[in-house]
Amino acid sequence: MQANDLLHLAEQFGSPLYVYDAEKIQSQYNRLTKAFSKVANLRINYAMKALSNVAILQLLRDLGSGLDTVSIQEVLLGLHAGYAPEKIFYTPNGVSLEEIEEVHALGVQINIDNLSILEQFGAKHPHVPVCIRINPHVMAGGNANISVGHIDSKFGISVHQLPHLVRIVENTNMNIVGIHMHTGSDILDIEVFLYAAEILFDAAKNFKNLEFLDFGSGFKVPYKKDDIATDIDELGKKLSKRFNAFCVEYGKDLTLIFEPGKFLVSEAGFFLAKVNVVKQTTSTVFAGIDSGFNHLIRPMLYGSSHYIENISNPKGKERFYSVVGYICETDTFATNRRIAEIKEGDILSFRNAGAYCFSMSSNYNSRYKPAEVLWMNGQGYLIRAHEKFEDLLQNQIPLPVETAATV
Ligand SMILES: Cc1ncc(COP(=O)(O)O)c(C=O)c1O
């Protein structure tokens with residue numbers, strides 16, 4: 001997408017605005033499937049927590065993707081978007097037995113990540129095909145918040161608990177059809193993937209009826225020009241070879257599953273916001289935009305760095321700005337960033353705004369959530385309208401007048 005297209009979309013649909021480039025999502029999907037084309041049975045389950053707009057789900061469904069979900073609400077959205085139940089995986093953590101049973105009743109593959117629920121589920125439903133999430137105890141991922149496969153992480157069943165796990169499976173006669181792991185996000189080093197894969201292969205040997213191995217996700221994408229990223233082609237080559245060899249050893253053509261979020265949608269997304277005020281203080285020049293961590297929380301939550309361009313003045317002389325929001329908390333998007341000269345009214349574009357951006361947005365400070373637009377075949381399609389005042393009131397129930405008067 002060109003900066004000019006983004007500028008026109010901001011004029012057409014207003015700001016703040018999320019824009020997603022359909023072609024980029026498609027090319028990322030194709031890159032991944034091509035990298036693993038030597039695996040006979042490959043399945044990509046899009047991790048919809050990254051961006052759950054129904055139009056995006058439909059786009060990925062049409063590309064052939066399955067869906068990775070973490071809540072019954074995500075499962076319902078997936079079904080609503082037209083995914084067959086057997087194309088949906090459910091990998092929750094810390095949810096109740098009742099929710100897992102409800103999801104199973106919808107015909108969706110469940111993945112259990114703790115021994116307590118596994119034992120209870122197995123005792124009640126011994127013949128249901130179940131996947132188990134292993135914690136391989138690998139320190140992987142961009143930072144401590146997004147590294148989820150290490151020894152202190154709440155996720156998965158420790159590999160050291162395999163003997164206990166196997167006993168539960170034998171005692172309940174459960175049908176274990178898959179093993180899963182997900183060690184974190186922003187994993188750069190493919191050796192980490194390969195190392196964790198060996199742990200999964202070892203664990204898999206304990207189960208005779210497997211149909212698939214799910215390697216999770218965590219591929220690192222570039223955040224700026226010349227930034228480093230996971231070498232998908234190299235990983236594809238090495239892991240495919242090792243996976244195919246494991247299938248021979250296991251005596252069955254298993255399905256290899258990945259569940260990427262960021263890889264598929266991060267770079268496809270742009271967040272557009274208007275500069276309300278340029279404020280020069282004694283130490284800093286602030287560009288204050290019509291947004292805040294209510295719309296894009298990742299820089300404050302994870303310290304993630306989104307490349308920011310002034311698309312209203314792309315050729316302007318660069319100056320240093322701190323880009324901040326309008327929320328009554330510190331909501332700094334960038335500190336002392338070199339950006340083409342900014343005037344009030346200019347539109348700033350934030351890159352890598354496809355994953356974990358809109359899906360983490362809120363109504364904090366009673367602000368409306370932004371609209372979302374899908375850019376496809378040179379045209380912008382509104383896929384979510386800007387919120388209105390009525391949206392803030394939806395589901396709120398005022399006290400009856402006479403009760404309010406007695407407080
Ligand atoms: C279980 C699981 N699978 C897949 C993903 C997607 O990870 P990424 O967006 O890094 O591809 C996540 C992210 O939190 C996850 O928790």
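Computed from a predicted model, the values in this text were never measured in an experiment. Both counts, for ligands and for their atoms, begin at 1 and track the order of listing. Along the sequence shown, residues carry numbers from 1.
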Of the backbone atoms (N, CA, C, O) and the side-chain heavy atoms from C-beta on, which set of Arg133 has a member under 4.0 Å from an atom of ligand 1: side chain, backbone, both, or neither?
side chain
Closest approach of Leu63 and Gln26, non-hydrogen atoms and distance?
CD2-CG, 3.6 Å
Judged by non-hydrogen atoms, does Tyr356 sit under 4.0 Å from ligand 1?
yes
Could you work out, with side-chain contact (heavy atoms from CB on, under 4.5 Å) as the rule, every residue matching Pro314, not counting sequence neighbours?
none
Around atom CG of Asn377, are there more than 12 heavy atoms from other residues, nucleotides or ligands closer than 6.0 Å?
no
Polar contacts were defined as any N/O atom of the residue lying under 3.5 Å from an N/O atom of the ligand; does this apply to Ser217 and ligand 1?
yes
If you measure from the Lys or Arg side-chain nitrogens to the Asp or Glu carboxylate oxygens, is any gap between Glu249 and Lys205 under 4.0 Å?
yes
Should you measure from each heavy atom of Pro260, which atoms of ligand 1 turn up under 4.0 Å away?
11 (O)
Glu390 atom CD, neighbour heavy-atom count above 12 within 6.0 Å:
yes
Lys369 backbone acceptor or donor facing Glu387 side chain under 3.5 Å:
yes
Gly216: heavy atom below 4.0 Å from ligand 1, yes or no?
no
Where ligand 1 meets Gly218 - atom numbers and elements under 4.0 angstrom, heavy-atom basis
10 (O), 11 (O)
Within reach of ligand 1, part of Glu259 (heavy-atom separation under 4.0 Å)
both
Proximity to ligand 1 by part of Val70, non-hydrogen separation under 4.0 Å:
neither
With sequence neighbours excluded, residues passing ring pair (Phe, Tyr, Trp, His ring centres under 6.0 Å) with Tyr195
none
Looking at ligand 1, is there an atom of it that comes within less than 4.0 Å of some heavy atom belonging to Ala50?
no
